[in-house]
Amino acid sequence: MRAADYAFFDVPFTAFAHRGGATYEPNLHRENSMHAFKEAVALGYRYLETDVHATRDRELLAFHDAVLDRVTDHKGVIASMTYAEISEARIHGIDPIPRLADLLSEFPDARFNVDAKSPTAVSVLASTIDEYEAYERVCVSSFGVRRLYELRRRLGWRVPSAASALGVAANRFVPWLTWILNTPAPVLQIPTSLPVGGRQLTVLTPALLEAAHQAGKKVQIWTVDDSETMERLIDARVDGIFADRIDTLKDVLIRRGLWTDP
């Protein structure tokens with residue numbers, strides 16, 4: 001599939017608020033909260049990134065970790081808890097954990113890049129996209145190759161999916177340019193490099209960018225928070241950047257004439 005086949009990719013450069021902009025000063029310690037996403041939207045972001053986990057009773061939470069411990073005032077494994085139990089937790093002691101459904105309702109004009117973090121999350125994510133008819137508003141991804149295949153099977157071609165960084169690593173013994181041409185994903189969402197076998201594997205190369213663009217695919221890079229690297233990536237002709245420092249990314253894109261108002 002080509003990126004041009006999807007409305008999701010109809011901007012010249014995609015600026016993603018990673019976890020709502022996790023290290024943007026107003027969002028410090030409040031990543032993936034409704035507050036963080038509202039701050040990103042107020043700053044002018046249309047593209048929001050989140051991970052999702054499913055609770056024991058199949059509620060889909062917009063949350064990065066598999067456990068509550070790091071960022072909330074509660075402890076526990078999300079997959080083994082009910083939504084009622086988790087709803088008592090507060091991010092940094094302040095914010096409840098939002099469901100993906102809450103975000104889709106709160107931000108009807110926003111687009112979401114959603115990473116399914118578990119097999120159960122895959123089925124609930126597909127059902128949520130169906131329920132909200134959010135086919136043109138969501139791009140799905142997963143670090144798990146099998147989860148990504150299942151998302152594609154459940155959603156078909158109505159929803160774009162991203163080729164994952166682990167997909168790159170899993171195919172590292174296949175000529176990369178052949179793999180890029182053959183992947184059904186209209187977009188590659190990758191870091192500039194990836195640890196593989198105890199060394200750093202360079203993922204983003206001029207040859208990869210050229211092959212992806214010739215195949216009609218976008219290349220988007222995560223997660224970048226310093227302006228110098230952002231500038232270098234723009235010069236290299238990447239198509240999007242995921243950032244925690246959403247203020248820095250916006251400033252760079254305005255300076256380069258690539259910022260798109262919602």
Side-chain angles (χ1 to χ4, degrees), residues 3-4 6 8-32 36-51 64 107 110-115 139 141 143 160 162-169 176 180 185-195 200-262:
Y6 295 98
F8 190 92
F9 303 109
D10 63 4
V11 294
F13 192 94
T14 313
F16 289 96
H18 184 251
R19 305 184 199 173
T23 56
Y24 176 46
E25 188 171 355
N27 293 347
L28 288 176
H29 311 296
R30 300 175 74 177
E31 66 178 59
N32 273 113
F37 291 113
K38 285 182 176 179
E39 288 286 344
V41 170
L43 196 61
Y45 275 78
R46 185 184 183 192
Y47 287 82
L48 308 175
E49 185 275 345
T50 187
D51 307 279
H64 177 268
F107 307 109
R111 292 174 175 175
F112 293 87
N113 205 91
V114 182
D115 189 334
C139 177
S141 66
F143 279 102
S164 72
L166 287 190
V168 173
W176 283 13
I180 291 165
V187 60
L188 280 66
Q189 293 178 344
I190 57 177
T192 56
S193 63
L194 188 70
Q200 283 295 121
L201 176 72
T202 298
V203 178
L204 182 67
T205 65
L208 181 145
L209 272 166
E210 183 65 24
H213 287 160
Q214 286 187 0
K217 301 178 189 299
K218 300 278 190 180
V219 179
Q220 299 167 341
I221 306 299
W222 50 263
T223 303
V224 181
D225 289 320
D226 67 281
S227 59
E228 181 179 342
T229 303
M230 292 172 184
E231 295 273 9
R232 178 171 55 81
L233 291 170
I234 292 168
D235 289 339
R237 296 176 52 241
V238 304
D239 304 292
I241 292 174
F242 294 78
D244 291 320
R245 282 297 305 270
I246 53 177
D247 51 337
T248 301
L249 179 57
K250 180 179 179 180
D251 288 345
V252 168
L253 294 181
I254 289 174
R255 200 160 57 238
R256 297 296 294 262
L258 290 172
W259 179 257
T260 304
D261 288 316

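Basis for what follows: all heavy atoms, side chains included, without hydrogens, waters or symmetry-related copies.
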> Could you grab the distance from atom CD of Gln220 to atom CD of Glu49, nearest 0.5 Å is fine?
11.5 Å
> Quick one: pull up CD1 in Ile241 and CG in Leu233 and give me the separation to the nearest 0.5 Å.
5.0 Å
> Please work out which of the three classes, parallel, tilted or perpendicular, describes the rings of Phe107 and Phe112, given edges at 30° and 60°.
tilted
> Does any non-hydrogen side-chain atom of His18 lie less than 4.5 Å from one of Trp222?
no
> Under a 4.5 Å cut-off applied to non-hydrogen side-chain atoms, are Met230 and Leu253 in contact?
no
> With a 4.5 Å cut-off on side-chain heavy atoms, are Val11 and Tyr47 touching?
yes
> Looking only at non-hydrogen atoms, find the nearest pair between His213 and Arg237 and report the distance.
CE1-O, 3.0 Å
> Any idea which heavy atoms bring Ala185 and Lys217 closest together, and the distance?
O-NZ, 2.9 Å
> Determine whether Ile190 and Ile221 satisfy the following criterion, side-chain contact (heavy atoms from CB on, under 4.5 Å), listing intermediate values before the conclusion.
CA-CA 5 Å; Ile190 57 177; Ile221 306 299; 3.7 Å; yes
> As an exercise, state the distance from CD of Gln214 to CG of Leu209, rounded to the nearest 0.5 Å.
11.5 Å
> Charged N to carboxylate O below 4.0 Å: is that the case for Asp235 and Arg256?
yes
> Give a yes or no on whether the backbone of Trp259 and the side-chain of Lys250 come within a donor-acceptor separation of less than 3.5 Å.
no
> Go through it in stages, so that I can follow the logic: the residues are Arg255 and Val252, the test is side-chain contact (heavy atoms from CB on, under 4.5 Å), and I'd like the CA-CA distance, side-chain angles, deciding distance and then a yes or no.
CA-CA 5 Å; Arg255 200 160 57 238; Val252 168; 3.5 Å; yes
> Would you mind reporting whether Leu249 and Tyr45 have side-chain heavy atoms less than 4.5 Å apart?
yes
> Excluding sequence neighbours, so at least two apart, what forms side-chain hydrogen bond (donor to acceptor under 3.5 Å, both in side chains) with Ser227?
none
> Is it the case that the side chain of Arg46 and the backbone of Pro262 share a donor-acceptor pair, with hydrogens and angles ignored and the cut-off at 3.5 Å?
no
> Heavy atoms, side chains only, cut-off 4.5 Å: are Thr14 and Asn113 in contact?
no
> Ala3 and Phe9: which non-hydrogen atoms are nearest, and at how many Å?
O-CD1, 3.6 Å
> Compare every heavy atom of Ala243 with every heavy atom of Thr223, then report the nearest pair and how far apart it is.
CG2-CA, 4.1 Å
> For residues Asp226 and Thr248, determine if any side-chain heavy atom of one lies less than 4.5 Å from a side-chain heavy atom of the other.
no
> Mind checking the CG-NZ spacing from Leu188 to Lys218? Nearest 0.5 Å is all I need.
12.5 Å
> Please check: side-chain N/O of Asn27 versus main-chain N/O of Gly20, any donor-acceptor pairing under 3.5 Å?
yes
> Do the non-hydrogen side-chain atoms of Thr50 and Asp115 ever get within less than 4.5 Å of each other?
no
> Looking at every non-hydrogen atom in both residues, tell me the closest pair between Phe8 and Arg111 and how far apart they are.
O-NH1, 3.3 Å
> Could you tell me the separation between the CG atom of Leu48 and the CD1 atom of Ile246, rounded to the nearest 0.5 Å?
9.0 Å
> CD of Gln200 to OG of Ser193: how many Å apart, nearest 0.5 Å?
4.0 Å
> Applying the side-chain contact (heavy atoms from CB on, under 4.5 Å) test to Phe13, which of Asp239, Val238, Thr260 qualifies?
Val238
> How close do Asp225 and Arg245 get, counting heavy atoms only, and between which atoms?
OD1-N, 2.8 Å
